[in-house]
Amino acid sequence: MPDQRILLRAEDTSVLIDLTAGRLPAIVHWGSELGELTAADAAGLAAATMPSPHANGTDQVSRLAVLPEHHTGWTGRPGLSGSRRGVGWSPKFTTTGLTISGERHEGPESVEGPAAGGVPLATYGVASVETAAVDELSQLGLTIRIELLSGGVVRMQATVINNGADDYQLDDLVLALPVPAQAREILDFAGRWGKERTPQRQPLGVGTHLREGRHGRTGADAATVLHLGTPGFGFADGEVWAVHTGWSGNHTHYAERVYTGEQVIGGGELLLPGELILKPEQSYTSPWIYAGHGIGLDAVARRFHRYLRSRPQHVDADRPVTLNVWEAVYFDHSLPKLIELAERAAEVGVERYVLDDGWFGGRRNDQAGLGDWTVSTDVWPNGLHPLVDKVKELGMQFGLWFEPEMINLDSEVARAHPEWVMATGDRLPVEARHQQVINLGIPECYAYVKDAISRLLDTYAIDYIKWDHNRDLIDAGTQPGGVPGVHDQTLATYRLIDELKAEHSGLEIESCSSGGARVDLGILQRTDRVWVSDCIDPLDRQQMSRWTTQLIPPELMGSHIASERSHTTGRRHDLSFRAATALWGHLGIEWDITGANDDQRAELKAWLDFFKAERGLLLRGDLVRIDHPDPALMGHGVVAADRSRALYSLAMVDRSEVNGIGLVRLPGLDPDRRYRVSPVIIGGWPQTRFLPSWWSADRPYVDLTGAALARVGIQPPDLPVEHAVILRVDPLD
Ligand code: DGJ
């Protein structure tokens, strides 16, 4: 194939791809916008950035491809690992074909035009670049797709095909992007049940920072987004490169710095031993690896948000306020109680009512019934009709909980089909929440689960599924041989969701997994919301929402107002803090409001009214998170795309060591415009506190320019700990 370079440019991101000497595509530059380039500029940049030979290294050096190849002398993680029983384990691919689709830019020199060094340059905006390659010796074909998406997100995917006559065992496939030496600090996430997405930082040394997810689901402790940035990067500053593996099964994220000084970030699916043996002509396609670059974490997050919002299937900002009954009733399904809850919900303005776990088979607690997807006649003698009819009559949508990938051994389906339980090694996996995994990779089992769910969707007017997944996949093999089945299970789950959605137009699906253990862009290609965590304590949610938005925009985050006393932490919080925290996502209620008094219900209604009035901004604005030196204050906001308005939240999440924590800067507005900043008071101000000088009873506002707000800031009110204030910023001209 003739040599070629391709420049992709969109939304302040430039990607220069080198396709020379028949090698796999390599990235010359991924990062800040470089402006228009000629072929000569691109050739110069390629020459200037080419790795140098070094003492005791290989005599020839080559630029690292997005699928790093060992044969080039690369001693970091290879892009492809596998063999034919020990043969063909170090492929040397030759690129044979190139297809580009997207917005062509007539740059100073087009692909057909004269080119410096004989290498032409083609310039595109949002586009997809697909290369085909082969290696005759290992008898493999390889397709690599590199795309620049709306928002400036880059994504990559590879397909490997077995062109040989015997089996090829694929052990690992990762794709990686180069990151310059300036980036030496890692930020990614840890987490556990009830405390998902806790940030962790560390320096990148020589070696591999490897995050493996072996839960068979995304995992509460998933890396989620792995960033590499200039030391000390914050929400607004420091240069950051980030990667996310869009996959809901076993997966990796990694950052690697090798002895040559080269460094990459990447990821892929994590394959179990022998999980993928490609028969002749069979192929494997990797998950998409998403990447974003920006100055500060907000810029990176905004890329992901803009990309997700640009998709045709993305939810609109009119997200219906939801009530989920789980923490109100748990497994105690009494129709009068559930109807009273629906009535109270409608009164305060709820728009969607979701019946959680416990409505089917023998599911009276968490030890039985999973897999028996028929309405329990013991608890629901007339089916779900009386409740669904009531909910609809009250003008709300109806949602229903399922856990389609799971099975209790104490169920009709497990008794009839014990072979559908995922297992390996002639034993059953260790139980988790008293349950096992049902094998959707078995066609008959898949058909059974799909038919059961479809029947319910056809019988009742179900607008929404809360799709749960409450255990790790341990020893998850296919009986009787027990070959690993996580890859197939993940694909089967995706297919099941895709088919159910295709056959039931308008159906929305929430991805829940013991709370927030399935938050990734693989599941979010086909679902409409994630449940962030089973912990709804607003103090913890301040932190979890802050970091969940590093990948997904607020409208995809289920964010509920819980009862006064948190069921997870036992802490008590005023309604103002619970509501002011929950507002910044897809708002809901998870609280037995039949026990709430009139004042509480009136205040709740006022918060819901505020959300409804502002959801266009809350769920479509640009997210900004405030870098404040005092960790006792956590602040964030949303700014309208035209910079005309904004809302901010300032929350005290701890007691500061000083009385006055200092000025708080409100970033993101038009520096040249004048605005009025005023507090949003719902349900009264929490306690008698000192107010800042700019906020008096007869003048509860201050007028400032966007520049002053962002660069100087304002004195925050003297908030009690575990309280928040919402500030609205409206234009004066
Ligand atoms: C875990 C979820 O996160 C909860 O919200 C609830 O749906 C339970 N499962 C039900 O079993």
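Atoms considered below: every heavy atom in the structure, side chains included; atoms not considered: hydrogens, waters and symmetry mates. Count residues from 1 along the sequence. Indexing begins at 1, ligand by ligand and atom by atom, following the structure's order.
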Which segment of Asn470 sits under 4.0 Å of ligand 1 when only heavy atoms are counted:
side chain
Taking a cutoff of less than 4.0 Å between a non-hydrogen atom of the residue and any ligand atom, is Lys466 in contact with ligand 1?
yes
Has Arg565 got its NZ or CZ under 6.0 Å from the middle of the six-membered ring of Trp591, at an angle within 45 degrees of the ring axis?
no
Out of curiosity, is Arg433 lining ligand 1, as in a heavy atom under 4.0 Å away?
yes
Between Asp520 and Ser248: side-chain donor-acceptor atoms closer than 3.5 Å:
yes
Under 4.0 Å from any heavy atom of Asp534, which atoms of ligand 1 are there?
1 (C), 2 (C), 3 (O), 4 (C), 5 (O)
Looking only at distance, does Glu590 have an N or O less than 3.5 Å from an N or O of ligand 1?
no
Give the residue and atom name of whichever protein heavy atom lies nearest to atom 11 (O) of ligand 1, and the separation in Å to one decimal.
Asp357 OD2, 2.6 Å
Protein contact to atom 6 (C) of ligand 1 [nearest heavy atom, distance to 0.1 Å]:
Asp356 OD1, 3.4 Å
Does a donor on one side chain and an acceptor on the other come within less than 3.5 Å for Gln200 and Asp188?
yes
Gln435 and Glu403 side chains, donor-acceptor separation under 3.5 Å
yes
Does the gap between the ring centers of Trp380 and His385 come in under 6.0 Å?
no
What atoms of ligand 1 come closer than 4.0 angstrom to any heavy atom of Gly515?
3 (O)
So is there a nitrogen or oxygen of Cys512 less than 3.5 Å from a nitrogen or oxygen in ligand 1?
no
Examine the side chains of Asp468 and Asn470 and answer whether a donor and an acceptor come within less than 3.5 Å of each other.
yes
Proximal atoms of ligand 1 relative to Asp468 (non-hydrogen, under 4.0 Å):
1 (C), 2 (C), 6 (C), 7 (O), 8 (C), 9 (N), 10 (C)
Do the side-chain N and O atoms of Thr478 and Asn439 include a donor-acceptor pair separated by under 3.5 angstrom?
yes
Heavy-atom pairs closer than 4.0 Å: do any link ligand 1 to the side chain of Ser514, the backbone, both, or neither?
backbone
May I ask you to check whether His504 and Asp458 show a side-chain donor-acceptor distance below 3.5 Å?
yes
